[in-house]
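To start, the structure itself, in structure tokens.
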Amino acid sequence: MGKGMQVVSTGSALRDILLGDEQYAGRRVLVPTMGALHRGHLALVKHAREVAGPDGVVVVSIFVNPIQFDREDDLEAYPRPLETDLMQCQAAGVDVVFVPDVREMYAHDRSTLVTENSLSRSLCGAARPGHFDGVCTVVLKLFMLSACHAAVFGEKDFQQLAIIRRMVRDLDVPVEIVESPTIRESDGLALSSRNVRLSATHREDAPCIFRALNEAAKLHNAEGIIRHAMKRLGESEHLKIDYLTLVDAETLQPINDLKRPSILAAAVFYDNVRLIDHVRISPP
Ligand code: PAF
């Protein structure tokens, strides 16, 4: 757009620019991130530009949201390479970067939380109580602060995406939710900010997650699929399975037949690094 990238750290500065400056009057598309940007995020930014159009405004938020972490060590270890992130945003043609700190986002006596009570109960939600309430709360705040017309989320976090769609539907939030496909390394490992925390041995092992899911998804019955994926993941001496489940693609509830579109999803630990992946399965 040729207006140069703006970096702001307060909600009021963000709204002043986006709602007060004529240059930013176009369609505003938000890409919410926690930073440590990689090719996956840059694909979201590219997608956001397509949705915004050449005269639209692409806003990236970078905020490591403390209320969605269930483990202090995970929050502390989360990478925060802000300089590199900003350089990447600039190179990707982002118009505005919003980088608030925790005090800016959360009043010390905050007492309101967005809670989703159905889709968030299975999969990652079962293992991480409160995680999706933290995600919904920060995402709704970011929608309000940026007054965005649309927001782009990665399909890799399909549970997060389903929950955000549900929140938007249930609360009549006037934001279009756009889904962007998972980006993978050439060996199949889904891109994640956590990948850089894997040891060399674990990084080499990690493509087995996608391989196991993919192989299993080719089978034609639910029980066989789970058994096969479990066996393949069990062959790795490095990972610990957090969950491996076949769920209905819409309700995210565990299923034991393939009558409807479903998702085979796994979360595994390499030491304290938790990785997730999934494959979609159509009824045979
Ligand atoms: O997917 C993420 O990186 C985060 O959950 C999000 C959507 C930025 C909210 O903090």
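Counting convention: from 1, in listed order, for ligands and their atoms alike.
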Sub-4.0 Å atoms of ligand 1 with respect to non-hydrogen atoms of Pro32:
8 (C)
Can you give me the closest heavy-atom contact between Ser193 and Ala36, atom names plus distance?
OG-O, 3.4 Å
Any idea which atoms of ligand 1 are less than 4.0 Å away from a heavy-atom of Gln160?
1 (O), 2 (C), 4 (C), 5 (O), 7 (C)
Residue, atom name and distance, where the atom is the protein heavy atom closest to atom 3 (O) of ligand 1:
Met34 CG, 3.7 Å
What's the shortest distance from atom 10 (O) of ligand 1 to any protein heavy atom, and which residue and atom give it?
Gln68 OE1, 2.6 Å
Could you tell me whether Arg71 and Glu76 make a salt bridge, using a distance below 4.0 angstrom between a side-chain N and a carboxylate O?
no
Proximal atoms of ligand 1 relative to Val138 (non-hydrogen, under 4.0 Å)
9 (C), 10 (O)
Going through the checks in order, is the ring pair (Phe, Tyr, Trp, His ring centres under 6.0 Å) test met by Phe158 and His278?
CA-CA 8 Å; Phe158 72 93; His278 70 280; 4.4 Å; yes
Between Arg128 and Asp242, does at least one N-O distance fall below 4.0 Å, as a salt bridge requires?
no
Heavy-atom side-chain proximity of Val8 to Val97 below 4.5 angstrom:
no
